[in-house]
Protein chains: 2
Amino acid sequence: MVDKDVTASSLISPRGSAPEIEEGLAFAPKFDAGGLIACVVTDVQTDALLMVAHMNEQALERTLDSGEAWFFSRSRQALWKKGETSGHVLRVAEMRVDCDQDVLWLRVRQAGAGACHTGRRSCFYRAVVRQGPDAPLTLEFRDDERVFDPAKVYGK
Amino acid sequence: MVDKDVTASSLISPRGSAPEIEEGLAFAPKFDAGGLIACVVTDVQTDALLMVAHMNEQALERTLDSGEAWFFSRSRQALWKKGETSGHVLRVAEMRVDCDQDVLWLRVRQAGAGACHTGRRSCFYRAVVRQGPDAPLTLEFRDDERVFDPAKVYGK
């Protein structure tokens with residue numbers, strides 16, 4: 001009889017050889033020393049890069065169970081459902097993995113206007129610019145329109 | 001007089017407060033315990049996600065100096081110019097940073113057909129698929145056409 005309280009571990013295959021990892025059909029993700037894997041999140045309709053976050057096995061399992069993205073917050077050291085406070089959940093349309101299976105890619109449909117807690121559509125609203133060969137690098141705002149008011153949404 | 005042998009450190013500002021990091025114009029990236037920062041790489045013309053790699057300060061500096069992407073290989077623990085062997089270099093059209101400045105985004109023009117060492121255009125050529133609630137996750141090939149022959153390119 002199958003244990004009903006299935007853990008994420010049972011969803012994941014052991015790491016095999018490089019050819020197995022790169023060309024095989026077993027999902028054998030490489031978690032880092034902290035048990036995390038990086039997840040790139042893009043909008044499935046526009047292909048826009050929205051954010052990058054991390055999952056542990058439990059976040060992965062909850063994402064698979066719910067169809068909505070869960071992550072693990074490194075700063076808070078806690079499981080975190082994206083949109084739990086804001087309502088801006090991310091419905092996962094497709095999950096992919098890279099060649100060496102150490103990065104996930106979530107293609108999502110967003111509920112709500114923006115993925116970034118600062119109120120922008122994407123977390124990547126500044127470009128890195130070099131003013132001169134010896135000058136410190138500076139940032140330039142790009143695509144930085146606020147699509148929601150974080151003070152209202154998060155009640156800060 | 002400015003030291004000509006400028007190090008990447010002089011290009012980078014110290015980490016400030018959260019509002020400074022999120023809304024400021026100083027580039028103050030957060031490198032992890034190993035001195036690395038994750039870099040998402042997309043095609044500037046198609047917005048396709050090509051790969052994810054890591055930079056240390058030296059790779060960042062060489063990227064800025066050359067306009068072509070350099071990374072730091074975690075498996076080989078060595079600085080690495082993308083395309084050094086294959087010729088498939090990545091010309092950086094724009095570099096962005098995310099809200100908390102711990103991920104970089106490189107928008108690139110590719111020289112050569114593919115970014116992945118397996119011969120594909122992108123490293124993300126497999127989807128993660130759930131066959132049943134208790135079954136191990138499996139992978140499905142998608143967008144996995146080989147655009148170059150890795151045996152020929154890398155001489156394996």
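Just so it is clear, the values below take in all heavy atoms, side chains as well, and ignore hydrogens, waters and symmetry mates. Letters A, B, ... are given to chains in the order of the sequence lines, protein chains preceding strands, and every chain is numbered from 1. Only a predicted model underlies this, so the values are computations on that prediction, with no experimental measurement involved.
- Within residues 16-33 of chain A, the residues approaching chain B closer than 4.5 Å by heavy atoms are, in numerical order, A:Glu20, A:Ile21, A:Glu22, A:Glu23, A:Gly24, A:Leu25, A:Ala26, A:Phe27.
- Both A:Leu50 and A:Met55 belong to a common hydrophobic cluster when Ile, Leu, Val, Met, Phe, Trp and Tyr are linked at side-chain heavy-atom distances under 4.5 angstrom.
- Hydrophobic clustering of Ile, Leu, Val, Met, Phe, Trp and Tyr side chains at less than 4.5 Å, counting indirect connections, keeps B:Val147 apart from B:Phe124.
- Expressed to the nearest 0.5 Å, how far CH2 of A:Trp105 lies from OG of B:Ser122 amounts to 6.0 Å.
- Listed for the A:Arg126 side chain is a donor-acceptor partner under 3.5 Å among the backbone atoms of B:Cys99.
- Both A:Val41 and A:Ile37 are members of a single hydrophobic cluster when ILVMFWY side chains are connected at heavy-atom separations under 4.5 Å.
- Interface summary for chain B: among A:Val40, A:Thr118, A:Val52, A:Leu49, the most heavy-atom pairs under 4.5 angstrom belong to A:Leu49.
- With contacts defined as side-chain heavy-atom distances shorter than 4.5 Å, the pair A:Leu137/B:Met95 does not qualify.
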Stepwise salt bridge (Lys or Arg N to Asp or Glu O under 4.0 Å) check, A:Arg120 with B:Asp98: CA-CA 11 Å; A:Arg120 279 93 173 191; B:Asp98 74 341; over 6 Å; no
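- The contact between A:Val128 and chain B is made by backbone and side chain atoms together, counting heavy-atom distances below 4.5 Å.
- Residue contact with chain B, scored on non-hydrogen atoms closer than 4.5 Å, involves the backbone and the side chain of A:Thr138 alike.
- If you tally non-hydrogen atom pairs under 4.5 Å between each of A:Thr46, A:Leu64, A:Val97 and chain B, the highest count goes to A:Val97.
- Chain B forms more heavy-atom pairs under 4.5 Å with one residue of A:Asp144, A:Thr42, A:Leu104, A:Asp65 than with any other, namely A:Asp65.
- Interface summary for chain B: among A:Glu140, A:Arg107, A:Arg96, the most heavy-atom pairs under 4.5 angstrom belong to A:Arg96.
- Near-neighbour residues of residues 69-83 of chain A relative to chain B, defined by a heavy atom under 4.5 Å from a heavy atom of that chain, comprise A:Arg74.
- Within the 4.5 Å cutoff, the side chain of A:Arg130 has heavy atoms near those of the B:Leu11 side chain.
- B:Met51 is not listed as a side-chain neighbour of A:Val103, based on a closest heavy-atom distance of 4.5 Å or more.
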